[in-house]
There are 2 protein chains.
Amino acid sequence: MIRPMARTNTRFVEAYNELLNLCDQLEVGAYLPSENALSAQLGVSRTVIRSALTRLDDCSIIALDGREKILRRHSNVEDRLEGPPVLLGIEELESRFLDWVLRMDVPPGTVLNVAQLSKDFSVATHTLQEFFSSLSRFGIVVRRPRGGWVLLGFTKNYAVELSDFRTVLESNSVRHLAALPLDHEIWARLDSLEQEHLDLLLRIDKDFHDFSPLDEKFHAVINSVVVNRFVKEFQKIISLVFHYHFQWNKTHERERNEDAIREHLALIEALRSRDADKAEAAARRHLATSKQTLLSSLETNSHAT
Amino acid sequence: MIRPMARTNTRFVEAYNELLNLCDQLEVGAYLPSENALSAQLGVSRTVIRSALTRLDDCSIIALDGREKILRRHSNVEDRLEGPPVLLGIEELESRFLDWVLRMDVPPGTVLNVAQLSKDFSVATHTLQEFFSSLSRFGIVVRRPRGGWVLLGFTKNYAVELSDFRTVLESNSVRHLAALPLDHEIWARLDSLEQEHLDLLLRIDKDFHDFSPLDEKFHAVINSVVVNRFVKEFQKIISLVFHYHFQWNKTHERERNEDAIREHLALIEALRSRDADKAEAAARRHLATSKQTLLSSLETNSHAT
DNA sequence: CAATATGTTTATTATTATTAAAGACAGACC
DNA sequence: GGTCTGTCTTTAATAATAATAAACATATTG
């Protein structure tokens, strides 16, 4: 008789199985630690421990009487409990959802069916609702007047505005970076990045696919000099959108990547000069190229409006 | 016998009352329009119309038989239905919540009790959850590992990073603005803004309170030249935080506001020169002052860490 | 009697179940 | 053929519920 469970009892199941492990390490007849000790050890509340102990008693694994908890027998395979299917959290959902939108070319204007999607992504419906609510801050989805959600991005306009915004943020990072003292650790990191770029350039004909992760790393390093939670939050979305598209835009991929590498190298060079204007100019050149690539990748996938 | 209602039947109640109005305008014995026509007219689904018609029939207001809907009598006061209490939507919640945090000086680290707060703000619990989820994008709240939410901002660090971010965005706007052609409508708007500033300066001794809305308007106009959804989204938060604090920081308010007006005027002047560097410098000077004011207003309210 | 244990109660959240509403489809009617 | 109604399916908003955490009270032990 399985009753519907409002909240999943994952914590109970895990704690129970963990307690079995603990019991198996003791001799039959031994005393178990106090409830407080157990709850601290397993990192769950005393309530969970007490439920688990009660069940251990019911299954005659321990003899529970007040504060006496005497081990009566070791566990066997059947004593183990099976938990409910694990649902994904909101963090994993983010990349899976954006990946779905971009990979499947879900057109702007699509009505997002929460009931259906929650099954597809194996998350609770309300997790999706909360997720959409947070995505709406980036204008990727909007709430419909009387319930439901509509996918807005990624249109051409969205790409343009995202690119522009990225340019504003990254120009700022570059200017900051150029002003850092020579003994700052960033310079060593740039040296090693430069080497990685040069290495890849030598084997670009066959390894041009390796550029995407390097690009991500490069921009992450540049932006790391600005410690700002808003910049960081946006970087996540920017990174996802750009790299997803670059990954699937196969036209002239080798040339594009080679050009980008040379732009990266030019930017590193400009940064070393520690001339903010020169560095910013180099950054803007590269970001403009990036923007064009993003736009062309949207156009080949045709539904951009 | 009132049964619990999962979803509120506000739409039904409103449609029903609206139908009563409609009936009262007809003569007894007249035919009502088709269900489709009624649903189009009232802007609700046919399902709602049908429920309402059925009830009208039950109350002997109409005689419903297939597509015949004959009016039998006019309505009286008792026929009117009373809807369930109206809950606020997520849009109204935003300013109310931020206002509560800032006005009550809710300290960073406070655990946000969804059950309690949903009563206080008269919204559904899940509305609050979705709202917090969207706020988490701005780092104002964070989700706790196993459920619940914690208020993070507004710490001193938050203020610093928000100010810096604002400076980045607004410097960009200012550079854009300085590059606009002379026949662009923005110049006329700046002229009128300048006049408003000059006017206020004359009566600053008694009307220094009028500066806050003018400040908001000023920055909104400056930023309006950049058409970018991300910039717009942030402007909302920035505007709320800054203006709320300025409103409550009473130390040297007259001097602060007078200084700010002069900085605004200097910025307008610099913009008119259409020299991007000069304009940006003026903007940064003003934003730096603004940042200091925000920080000092946090310090006087003491719990900033 | 102080410290620590368990027993009991309360509060809060995550998730399910339920209802209102929207929309689709098919047959009836003019 | 077009419009109308009857029926059914799908979806999202909300209330109800089980799991958990945490607070409080009482008992036990050294």
Side-chain angles (χ1 to χ4, degrees), chain A residues 2-15 32-39 43-54 64-69 83-84 87 89-90 111-119 123-130 132 143-149, chain B residues 2-15 32-39 43-54 64-69 83-84 87 89-90 111-119 123-130 132 143-149:
Chain A
I2 296 171
R3 279 189 310 157
M5 258 184 305
R7 203 172 165 159
T8 59
N9 63 349
T10 313
R11 307 222 86 211
F12 166 78
V13 170
E14 284 175 5
L32 269 68
S34 78
E35 295 175 1
N36 278 320
L38 289 172
S39 80
V44 296
S45 72
R46 247 187 74 216
T47 311
V48 173
I49 293 290
R50 283 175 67 82
S51 318
L53 288 176
T54 305
L64 180 64
D65 178 32
R67 59 188 63 186
E68 272 187 15
K69 296 174 281 284
L87 294 181
I90 206 163
V111 176
L112 299 166
N113 182 331
V114 172
Q116 184 60 46
L117 287 175
S118 71
K119 281 176 203 150
V123 296
T125 56
H126 88 278
T127 307
L128 252 178
Q129 302 264 23
E130 289 183 19
F132 285 155
R143 196 186 298 274
R144 281 193 305 176
R146 243 173 312 287
W149 296 89
Chain B
I2 297 171
R3 279 190 309 158
M5 257 185 307
R7 199 172 168 158
T8 59
N9 63 349
T10 312
R11 306 222 87 209
F12 166 76
V13 170
E14 284 175 3
L32 270 68
S34 77
E35 295 175 0
N36 278 321
L38 289 172
S39 79
V44 295
S45 73
R46 250 187 72 215
T47 309
V48 173
I49 293 291
R50 282 175 67 82
S51 317
L53 287 176
T54 305
L64 180 63
D65 177 33
R67 57 190 65 185
E68 270 186 3
K69 298 176 279 287
L87 294 180
I90 206 164
V111 176
L112 299 166
N113 183 331
V114 173
Q116 184 60 46
L117 288 175
S118 71
K119 281 174 204 152
V123 295
T125 56
H126 88 277
T127 306
L128 253 179
Q129 301 264 21
E130 289 183 19
F132 285 156
R143 195 187 298 275
R144 281 193 305 177
R146 244 171 314 286
W149 296 89

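First the proteins, then the strands, lettered A, B, ... as listed; each starts at 1.
- Among the protein residues, A:Leu112 comes within range of the sugar-phosphate backbone only, with heavy atoms under 4.0 Å from sugar or phosphate atoms but none that close to a base.
- Counting to the nearest Å, the P atom of C:dT12 and the NZ atom of B:Lys119 are 8 Å from each other.
- Contact detail for B:Ile90 and B:Thr127: the closest heavy-atom pair is CD1-O, 3.9 Å.
- Listed by chain and residue number, nothing satisfies the side-chain hydrogen bond (donor to acceptor under 3.5 Å, both in side chains) test with A:Arg67 (two or more places apart in sequence, or in another chain).
- Comparing B:Thr125 and B:Arg144 along DNA chain D, the residue whose closest nucleotide (by nearest heavy atom) sits nearer the 5' end is B:Thr125.
- Checking A:Leu87 against B:Gln116, the closest nucleotide of DNA chain C that is more toward the 5' end is the one next to B:Gln116.
- The heavy-atom pair separating B:Leu128 from B:Ser118 by the smallest distance is CD1-N, 3.3 Å.
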Please tabulate the protein-to-nucleotide N/O contacts below 3.5 Å involving nucleotides 1-5 of chain D, giving atom names and distances.
unit_1, atom_1, unit_2, atom_2, d
D:dC4, O2, B:Arg67, NH2, 3.1
D:dT5, OP1, B:Lys69, NZ, 2.4
D:dT5, OP2, B:Glu35, N, 2.8

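- Closest approach of A:Phe12 to A:Val48, counting heavy atoms only: CA-CG1, 3.8 Å.
- Between the CZ atom of A:Arg143 and the P atom of D:dA13 there is a distance of 8 Å, rounded to whole Å.
- The CG-C1' distance, from B:Leu53 to D:dG6, rounds to 13 Å in whole Å.
- Atom-to-atom, CD of A:Glu130 to C1' of D:dA12 comes out at 15 Å; the value is rounded to the nearest Å.
- For A:Leu32 and C:dT6, the CG to C1' distance is 15 Å, given to the nearest whole Å.
- Between A:Leu128 atom CG and C:dA14 atom C1' there is a gap of 15 Å when expressed in whole angstrom units.
- Taking every heavy atom of both residues into account, B:Ala115 and B:Asn113 meet most closely at N-OD1, 3.1 Å.
- If you take CG of A:Asp65 and P of C:dT6, they are 12 Å apart, rounded to a whole angstrom.
- With sequence neighbours left out, A:Arg46 forms a salt bridge (Lys or Arg N to Asp or Glu O under 4.0 Å) with A:Glu35.
- What separates CH2 of A:Trp149 from C1' of D:dA12 is a distance of 12 Å, to the nearest Å.
- In this structure, A:Gln129 reaches the sugar-phosphate backbone alone: every heavy-atom distance under 4.0 Å involves primed, P, OP1 or OP2 atoms, never a base.
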Applying side chain to side chain contact (heavy atoms under 4.5 Å, CB included), run through B:Phe132 and A:Glu130 and close with a yes or a no. CA-CA 8 Å; B:Phe132 285 156; A:Glu130 289 183 19; over 6 Å; no

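- In this structure, A:Arg144 has no side-chain hydrogen bond (donor to acceptor under 3.5 Å, both in side chains) partners at least two apart in sequence or on a different chain.
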Polar-atom pairs under 3.5 Å, protein N or O versus N or O of nucleotides 17-20 of chain D: list them with distances, or write none.
unit_1, atom_1, unit_2, atom_2, d
D:dA19, O3', A:Thr8, O, 3.1
D:dT20, OP1, A:Arg11, N, 3.1
D:dT20, OP1, A:Phe12, N, 3.2

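- Partners of A:Thr8 by side-chain hydrogen bond (donor to acceptor under 3.5 Å, both in side chains), not counting sequence neighbours, listed by chain and number: A:Thr10.
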